[in-house]
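One structure is given here, and the rest of the page talks about it.
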Amino acid sequence: MSIDAIGEARRQVEICNACRYCEGYCAVFPAITSQRSFLDGDIQQLANLCHDCRGCYYACQYTAPHEFDLNLPKALGQVRRDSWHQYSFPSGFGAVFQKSGLAISLAVVIGFAFVFWIARQFAASADGQGFYAVMSHGLMVAIFLPAFLLPLFSLMVGLRRYWKAVEGAPVSASHLMSAMHAAARMKHLSGGHGEGCNFEDEDRFSNARRWWHQLVLYGFLLCFVATSSATLMHYLLSMPAPYAWYALPKLLGVPGGIALSVGTVGMLAVKMKSDSALSDQRFYGGEVGFIVLLFLVSTTGLGLYWFGDGDWLGAWLAVHLGSVLAFFLLMPYSKMAHGFYRMAALTRDAQRGAEHS
Amino acid sequence: MKKQCEVLIVGGGNAALCAAITAAEAGAKVTVLEGAPKSHRGGNSRHTRNFRCMHGGPLGTLTDIYETQEYYDDLVKVTAGKTDTELARMTIEQSEDCYTWMHEHGVRFQPSLSGTLSLSRTNAFFLGGGKALVNAFYRHAEGLGVEIYYDTQVTHLERNGGRIEQVVVTHEDQEFRLLPKAVIVASGGFQADLDWLADAWGPAARNFLIRGTPYNRGVVLRDLLDQDIQSVGDPTQCHAVAIDGRAPQFDGGIVTRLDCVPFSIVVNRQGDRFYDEGEDVWPKRYAIWGRLVAAQPDQVAYSIIDSKSLDLFMPSVFPPVKAGTVEELATRLELPPAALKDTVEAFNSACKDGPFHPTELDGLATDQLTPKKSNWARPINQPPYYGYALRPGVTFTYLGLKVDETARVQGQDGALENLWAAGEIMAGSILGQGYLAGFGMTIGTVFGRIAGREAAHHVN
Ligand SMILES: Cc1cc2nc3c(=O)[nH]c(=O)nc-3n(C[C@H](O)[C@H](O)[C@H](O)COP(=O)(O)OP(=O)(O)OC[C@H]3O[C@@H](n4cnc5c(N)ncnc54)[C@H](O)[C@@H]3O)c2cc1C
Ligand code: SF4
Ligand code: SF4
């Protein structure tokens, strides 16, 4: 399957290289035109640079019913997913997730929530406060540390494999900076003219998807920093939760959670509006599953903040922790991987730019 | 379909849409009839990449200056003077304003494409190419309330004295007779009608490939010429370039071009060379090769290179045929192996030592060989060897309707009252022969806007 997808993408990329009309849309085309022939790794690199903005689909004079049958975003999308599966470690589960991501996400969330619920009956510590009254801090760490580190390790293995395939050189700070700069503004989803992509309404340009995605990205980062700061406060300053509203974890976490909740709803809405026939139906479940998972993580987190005082604390906490755990564990297989691979692709693109100039 | 309409526009490419938008902005009710289905809307305009634009200083993506006089001189050079001075100058002068107008109507530009013959000073490139331009114009026109019908072919314009009284169209297998107040024809040339091409050019034309849309069959052009409308342009000529012989019959577009000729030898079916492949730099010569190939048996030729030259030109859409020896390559290309081998050997022994510069005239010519190769003559001796089949690919035809500076169509006894023309269908008025890259879209935009303005004025 993977070989066919790469072969098909290569066929299309070679047509683009003879055409070049879409050069100004994104980073994919300059990367194409700097080469004449494309190894498998080159095609995977192009695939991970593509945002599926569809600018080049609607602009293409060779889309079906033309016999050249161009749909570059779809071809690259297939290679992109396949590359995550191919390099994932341990491999095998990814394909299943892409197919039935929503069901798996929900099942895992419910499963873990149930386990937490049971565990709580036995493990609540009498002297803990707030949610630590429900589940001891020690137990939470014992579960979440490995649940966080193992998937991260697994992703790193995948990225190393990817880096080898795209013939990446040792990473320098300037390449990383350039990649982060592009990602921070989602430069390549700007359409080259700043008016965005062609996602929701055929060839109309719009920045909606870009803004929703930024909301998700920055919301996620805020939540991440909030959790990290809480961890540091716990261990270094011996200041365990619960925190007041003006403490760093809450100051960052609450806006972050709101951004993430709202952003994921927005992402889901533009996704529903887009022409799903243009992309591979096989991945639809995985994408929706991932967005729903992020939504659950952030919304149940916020729920803890607002409704977490009453009788429902235990239930909320179980669902929240269940979704967080599911989110972490599914990370290497869910669309979360795209963030890591995109950064790697952008870094490699910066390197190649430097090699060519 | 409503019988009564104000401004009726025939065609759905660049010229038609510029006319539609201008007329609608001037307050007219506009109907556009596009013969193609929505998936193929936009005629040849959807295959374009840029337009040629006069400018007195840096303008958007355009660098430096490109003044009217230089632009005009360039035009006179390629047409060998076969142009209408007044119309040409007017078109050139108005091209500068087209840049801003296009931008205001949703077209976005990008810097000159990598590997394009440095056109960054003279030509403004559309971001995403011509189909993106066409999309932007359709969207804009719809926003203005222009009614657009796809799959709707105009078969006849009924002329009564100085007026067009009725327009006959076919839509979903039904015939309709419309009664417009003003009509703008922007339905392109006739190059997709192979029978007509064969009448004009000879039977060889049946082997020509058509680079653009299959929908430009000249139905409206012929209909009007049959009703005593004045024509311009040589009816027997078309603009043809040598393209990849494996290209589809229609709509292969830009990607089928091949830029390998100057670094190759080109042979015909018999394995013989027939023209100087290195006569001049490729941008100045690519347009004569369509005709050269068309004059060869079966209208086919073969460009042969060795591995030294493979990376010297823009990548081709289909990979070249490859072989370890010249004879084997001949067999793969279905050429007589011995003949090709002789031709290559004769060519190789006529090559001299000297500096080779792929991007400029390097004077590296053959010695005592007929036909001579004047530049870039390096022996073909480093396997693997590569070959491309070449066929004539028709870009457009020259025959068109004669118009005046208000885009009004001219009958034998003066201008028609309510008929205007824009784009390829009248381009022969300005481009009598030859071609200047990017001028087709300039003519269409300038005359489309004039026609739209005049027609709206007429109905208001
Ligand atoms: C491959 C290629 C590349 C080119 N690149 C460039 C370039 O970069 N720059 C440039 O300036 N020029 C270029 N040209 C030339 C350019 O395409 C034309 O000059 C220009 O598009 C003409 O515009 P138009 O609107 O007159 O015709 P078109 O865009 O061809 O539109 C004609 C329209 O009329 C419709 N039609 C035809 N018959 C009927 C009928 N009977 N009833 C209803 N509708 C009908 C067609 O469907 C079509 O929509 C290129 C041409 C080709 C083939
Ligand atoms: S997507 Fe189509 S128009 Fe764009 S570069 Fe590729 S072939 Fe050309
Ligand atoms: S990012 Fe957009 S323009 Fe670029 S290749 Fe992907 S879909 Fe096409």
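Per chain, numbering begins at 1; letters A, B, ... match sequence-line order.
- Partner of A/Arg352 under the side chain to side chain donor-acceptor pair (under 3.5 Å) criterion, out of A/Gln45, A/Gln35, A/Glu167: A/Gln35 alone.
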Check step by step if ring-ring contact (aromatic ring centres under 6.0 Å, His included) holds for A/Phe340 and A/Trp163.
CA-CA 12 Å; A/Phe340 294 85; A/Trp163 202 246; over 10 Å; no
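- For the pair A/Arg11 and A/Phe38, the cation-pi test (distance below 6.0 Å, angle within 45°) is failed.
- Relative orientation of the B/Phe318 and A/Phe68 rings is perpendicular, given thresholds of 30° and 60° on the angle between their planes.
- The main-chain N or O of A/Pro170 is found under 3.5 Å from a side-chain atom of A/Gln351 such that the two form a donor-acceptor pair.
- Of residues 175-213 of chain A, those residues lying under 4.5 Å from chain B by any heavy-atom pair are A/Gly191, A/His193, A/Glu195, A/Asp201, A/Glu202, A/Asp203, A/Arg204.
- Between chain A and the options B/Leu133, B/Val134, B/Leu310, heavy-atom pairs under 4.5 Å are most frequent for B/Leu310.
- Heavy atoms of B/Ser316 lying under 4.5 Å from chain A belong exclusively to its backbone.
- The residue among B/Ser114, B/Pro111, B/Gly42, B/Gly253 with the most heavy atom pairs within less than 4.5 Å of chain A is B/Ser114.
- There is no contact between A/Cys56 and chain B, counting heavy-atom distances below 4.5 Å.
- Ranked by heavy-atom pairs under 4.5 Å with chain A, the list B/Gly129, B/Ala136, B/Pro315, B/Ala132 is led by B/Pro315.
- Contact of B/Arg46 with chain A is made through backbone and side chain together, with heavy-atom distances under 4.5 Å.
- When heavy atoms are compared at a cutoff of 4.5 Å, A/Cys16 does not approach chain B at all.
- B/Phe126 touches chain A through its backbone: at least one of N, CA, C or O sits under 4.5 Å from a heavy atom, while the side chain does not.
- Proximity to chain B is limited to the side chain of A/Glu67, based on heavy atoms less than 4.5 angstrom apart.
- Contacts between A/Thr63 and chain B at a heavy-atom distance below 4.5 Å involve the side chain alone, from C-beta outward.
- Paired with B/Val394 under the rule side chain to side chain contact (heavy atoms under 4.5 Å, CB included), one option of B/Ile210, B/Ile243, B/Leu194 passes, and it is B/Ile210.
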Criterion side-chain contact (heavy atoms from CB on, under 4.5 Å) on B/Tyr386 and B/Cys260, from CA distance to verdict
CA-CA 10 Å; B/Tyr386 299 92; B/Cys260 53; over 6 Å; no
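- Heavy-atom distances place both the backbone and the side chain of B/Asp311 under 4.5 Å from chain A.
- Between B/His239 and the choices B/Phe208, B/Tyr435, B/Phe439, the ring-ring contact (aromatic ring centres under 6.0 Å, His included) rule is met once, by B/Tyr435.
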Evaluate side-chain contact (heavy atoms from CB on, under 4.5 Å) for B/Asn14 paired with B/Phe51, printing each intermediate quantity in order.
CA-CA 11 Å; B/Asn14 174 58; B/Phe51 87 108; over 6 Å; no
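- Evaluated for a side chain to side chain donor-acceptor pair (under 3.5 Å) with B/Asn50, the options B/Asn123, B/Thr442, B/Thr61, B/Thr122 yield exactly one hit, B/Asn123.
- Looking at A/Arg36, only its side chain comes within 4.5 Å of chain B, counting heavy atoms on both sides.
- Below 30°, between 30° and 60°, or above 60°: for A/His66 and A/Tyr62 the angle between ring planes is above 60°, a perpendicular geometry.
- When each of B/His40, B/His47, B/Lys131 is checked for heavy-atom pairs under 4.5 Å with chain A, B/Lys131 comes out on top.
- When the candidates B/Pro319, B/Gly106, B/Gly252 are compared by the number of heavy-atom contacts under 4.5 Å with chain A, B/Gly252 comes out ahead.
- Ring pair B/Tyr138/B/Tyr150 is tilted by interplanar angle, where 30° to 60° counts as tilted.
- Distance check: A/Leu72 CG to A/Arg54 CZ gives 12.5 Å after rounding to the nearest 0.5 Å.
- With a 4.5 Å cut-off on non-hydrogen atoms, B/Thr48 touches chain A through its backbone but not through its side chain.
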